[in-house]
Amino acid sequence: MQLTDSSERTWYEATASRGPPRPKLEGRQEADVCVIGGGLAGLTTALELARRGVAVVLLEARRIAWGASGRNGGFVSNGFAEGMDNVAARVGLPAAQALYQLSCHGTEFIRREIAEGDPSIRMGEGWLGCLRYSGAVKKRAAAAEMNRLYGGDVQFLDVAETRARAGSRRYFQSTYDPSAFHMHPLRYALMIAGKAEAHGVRLFENSAVRSTEGQGPAHVVRTDEGEVRARELVFCVSSLDRRIHPMTGRAVLPVATYIAVTEPLRQDVIRTRSAISDSRRAGNYFRLIDEGRLLWGGAITTRLSEPRRLAERMKRDMVSVFPELGNPRIDHAWAGLMGYARHFMPVIGSDGQGRWWATAFGGHGMNTTAMGGMLLARAIAAKDDEYRRFAPFGPQWAGGPFGRMGVQAGYWYMQAKDALDERRYGRAG
Ligand SMILES: Cc1cc2nc3c(=O)[nH]c(=O)nc-3n(C[C@H](O)[C@H](O)[C@H](O)COP(=O)(O)OP(=O)(O)OC[C@H]3O[C@@H](n4cnc5c(N)ncnc54)[C@H](O)[C@@H]3O)c2cc1C
């Protein structure tokens with residue numbers, strides 16, 4: 001699946017400083033590990049390996065964080081794209097609790113790297129998850145259960161408190177997660193790349209990997225103009241290349257999603273600087289960013305190109321939640337591709353032949369790519385086997401074109417259910 005390149009239209013590109021491109025791979029390089037893909041999964045793996053004294057070459061097809069990592073919503077929170085009740089149903093509660101703790105380590109990693117590297121990357125605290133229909137009993141119980149089983153501090157907010165913070169009469173009750181925060185994802189990824197280089201990682205841009213061959217400890221990775229010889233390989237290409245490592249390529253479905261950023265707004269409707277999302281299943285998520293702009297994300301599709309009139313569509317959603325905003329100008333609008341496995345969990349593993357992978361982070365990839373990078377670095381450098389906790393979520397075939405149709409049909413089904421819930425319960429508030 002190939003999206004037309006909208007990266008230059010992102011607000012993040014307009015407000016980050018990339019500097020000149022890094023070199024393209026030419027000729028031959030030797031390394032202990034060659035990481036393929038310069039998103040946050042690849043970058044974190046490379047940084048953590050280098051911190052353990054491993055010699056790393058990282059090859060990125062375009063620019064660092066060109067994919068989802070440099071154009072996402074910037075929400076950082078614990079957990080996974082899959083809900084913990086489903087994870088526990090599959091692997092049992094103790095294993096689910098251990099996985100959840102790993103996801104928390106990912107959040108902590110980002111918090112620490114930002115604090116030590118550049119605190120201005122952090123843009124706001126906490127996450128408000130709002131219901132679009134009245135459901136106090138269920139919402140309160142879900143928060144209490146999450147806290148009891150997974151040790152969180154998620155707070156329940158009633159309708160008045162929710163509306164005081166979020167500012168929309170569309171919303172009813174909410175939960176507030178103080179452990180979450182939001183940030184500038186491109187500046188964060190560039191900072192991680194800079195730290196990796198400072199630890200000796202050789203980063204190459206515009207160096208798409210065309211093939212890999214050989215077995216450990218003698219892998220050869222080829223680009224158009226060069227090659228890397230390495231003892232081990234790490235594949236971190238998400239859904240952006242499904243051929244380079246066929247086993248995980250077949251297991252990852254590309255799913256597109258969208259973000260728009262308004263002009264600076266003079267408004268006093270949204271009163272919180274926290275991240276906000278709503279209960280629509282493929283729902284809206286938004287946050288106030290610099291200069292009082294509103295960053296708005298939502299919608300998923302499996303189409304092969306960006307929908308026309310994307311900005312208009314996002315504005316319609318925005319104004320349906322906040323009619324007070326009138327007719328804000330949209331200054332930036334873009335699409336991004338996520339990678340999803342059928343089980344909605346990250347796919348992290350190895351074939352025992354020196355090939356490793358960390359992919360399928362879905363729409364919950366900030367903390368989980370950090371977690372995946374740490375797990376793989378510990379596995380490769382120190383033979384730690386905690387990554388095996390993800391073994392129950394292996395690279396199953398995602399269904400090819402049928403899988404894609406399934407995602408689209410699933411999205412339409414979710415939209416219909418959302419509409420039904422809102423009609424059925426919405427008037428109660
Ligand atoms: C619009 C949007 C909003 C999102 N919002 C959030 C959010 O708020 N919070 C959250 O937690 N998650 C969010 N996500 C999900 C999150 O961004 C991703 O899960 C995460 O960034 C995936 O990281 P990655 O490194 O696996 O993949 P990517 O960031 O996609 O990186 C893969 C890289 O591999 C490179 N590549 C591909 N093929 C090759 C090759 N052959 N050779 C060399 N390099 C190659 C690509 O160019 C790319 O740079 C969002 C995603 C999108 C698209």
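Whatever order the structure lists them in is the order used to number ligands and atoms, beginning at 1. Keep in mind that what you see is a predicted model, and the values were worked out from it rather than measured. We use all heavy atoms of the structure for the numbers below, so side chains are in, but hydrogens, waters and symmetry mates are not.
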Step by step, would you call Phe322 with Phe286 a ring-ring contact (aromatic ring centres under 6.0 Å, His included)?
CA-CA 12 Å; Phe322 295 108; Phe286 52 94; 5.4 Å; yes
Looking at every non-hydrogen atom in both residues, tell me the closest pair between Arg187 and Thr15 and how far apart they are.
CD-O, 3.8 Å
If you count the atoms of ligand 1 from 1 in the order shown, which ones are under 4.0 Å from a heavy atom of Asp241?
38 (N), 41 (N)
What protein heavy atom lies closest to atom 34 (O) of ligand 1? Include the residue and the distance to one decimal.
Gly37 CA, 3.4 Å
Taking N or O atoms only and a 3.5 Å limit, does Ala41 qualify as a polar contact for ligand 1?
yes
Residue, atom and distance of the protein heavy atom nearest atom 32 (C) of ligand 1 read Cys236 O, 3.6 Å
Give me the residue, atom name and distance of the protein heavy atom closest to atom 27 (O) of ligand 1.
Ser238 CB, 3.4 Å
Contact atoms of ligand 1, heavy-atom distance to Val209 under 4.0 Å:
40 (C), 41 (N), 42 (N), 43 (C)
Determine, for Glu48 against Arg52, whether the closest basic-nitrogen to carboxylate-oxygen distance falls under 4.0 angstrom.
yes
So the atoms of ligand 1 within less than 4.0 Å of a heavy atom of Leu59 turn out to be 43 (C), 44 (N)
Does the ring center of Tyr285 lie less than 6.0 Å from the ring center of Phe75?
yes
Nearest non-hydrogen protein atom, atom 13 (C) of ligand 1:
Gly363 O, 3.3 Å
Check: Ala68 N/O within less than 3.5 Å of ligand 1 N/O:
yes
Select one of side chain, backbone, both or neither to describe which atoms of Asn72 lie under 4.0 Å from any atom of ligand 1, heavy atoms only.
both
Check ligand 1 against Gly336 and write out every atom of the ligand that is under 4.0 Å from a heavy-atom position of the residue.
53 (C)
Please identify each residue that fulfils ring-ring contact (aromatic ring centres under 6.0 Å, His included) with Tyr150, with sequence neighbours left out.
Tyr100
Relative to the heavy atoms of Met338, which atoms of ligand 1 are at a distance of less than 4.0 Å?
51 (C), 52 (C), 53 (C)
Quick one: look at Arg210 and ligand 1, take heavy-atom pairs under 4.0 Å, and tell me if it's side chain, backbone, both or neither.
neither
SB check Glu113 Arg51 (cutoff 4.0 Å)
yes
Is the ring centre of Trp296 less than 6.0 Å from the ring centre of His332?
no
Please state whether Ile244 comes within less than 4.0 angstrom of ligand 1, counting heavy atoms only.
no
State plainly whether the residues Glu30 and Arg229 are in salt-bridge range, i.e. N to O under 4.0 Å.
no
Hey, is Glu263 close enough to Arg293 for a salt bridge, meaning N to O under 4.0 Å?
no
Taking 4.0 angstrom as the limit and counting only heavy atoms of Arg71, give me the atoms of ligand 1 inside it, by number and element.
1 (C)
Can you report which non-hydrogen protein atom sits closest to atom 47 (O) of ligand 1, along with the distance?
Glu60 OE2, 2.6 Å
Nearest heavy atom to atom 9 (N) of ligand 1, choosing from Trp66, Phe75, Phe361, Tyr258, belongs to Phe75
May I ask whether Thr359 has any heavy atom positioned less than 4.0 angstrom from an atom of ligand 1?
no
With ring centroids as reference points, do Tyr387 and Trp356 lie under 6.0 angstrom apart?
yes
Where the closest heavy atom to atom 23 (O) of ligand 1 is concerned, which of Gly365, Ser69, Ser239 has it?
Ser69
Where Ser103 and Gly79 come nearest, the two heavy atoms and their spacing
OG-N, 2.8 Å
For atom 18 (C) of ligand 1, which of the options Gly362, Gly79, Ala61 provides the nearest non-hydrogen atom?
Gly362
Under 4.0 Å to a heavy atom of Val237 - the qualifying atoms of ligand 1, by number:
32 (C), 34 (O), 36 (N), 37 (C), 38 (N), 39 (C), 45 (C)
Test item, Gly74 contacting ligand 1 (heavy atom, 4.0 angstrom)
yes
Ion pair check, Asp317 and Lys315, cut-off under 4.0 Å
no
Polar-atom distance check: Leu40 versus ligand 1, any N or O pair below 3.5 Å?
yes
Under 3.5 Å between some N or O of ligand 1 and some N or O of Ile36?
no
In terms of side-chain geometry, is the basic nitrogen of Glu312 or Arg316 positioned less than 4.0 Å from the acidic oxygen of its partner?
no
Taking the side chain as everything from C-beta on, heavy atoms only, tell me whether Leu99 gets closer than 4.5 Å to Phe393.
yes
Nearest protein heavy atom to atom 52 (C) of ligand 1, by residue and atom, and its distance?
Thr257 CG2, 3.7 Å
Near Gly39, which atoms of ligand 1 are under 4.0 Å from a heavy atom of that residue?
25 (O), 29 (O), 31 (O), 33 (C)
Report yes or no: is the cationic atom of Arg170 (NZ for Lys, CZ for Arg) closer than 6.0 Å to the six-membered ring centre of Tyr133, at no more than 45° off its axis?
no
Among all the protein's non-hydrogen atoms, which is closest to atom 5 (N) of ligand 1, and how far away is it?
Gly73 N, 2.9 Å
For ligand 1, which part of Leu337 has a heavy atom less than 4.0 Å away: the side chain, the backbone, both, or neither?
backbone
Decide, yes or no, whether a salt bridge links Glu13 with Arg71 under the criterion of side-chain N to carboxylate O below 4.0 Å.
no
Could you see which bit of Tyr285 sits under 4.0 Å from ligand 1, with heavy atoms only: side chain, backbone, both or neither?
side chain
Partner set under side chain to side chain donor-acceptor pair (under 3.5 Å) for Glu145, not counting sequence neighbours:
Arg148
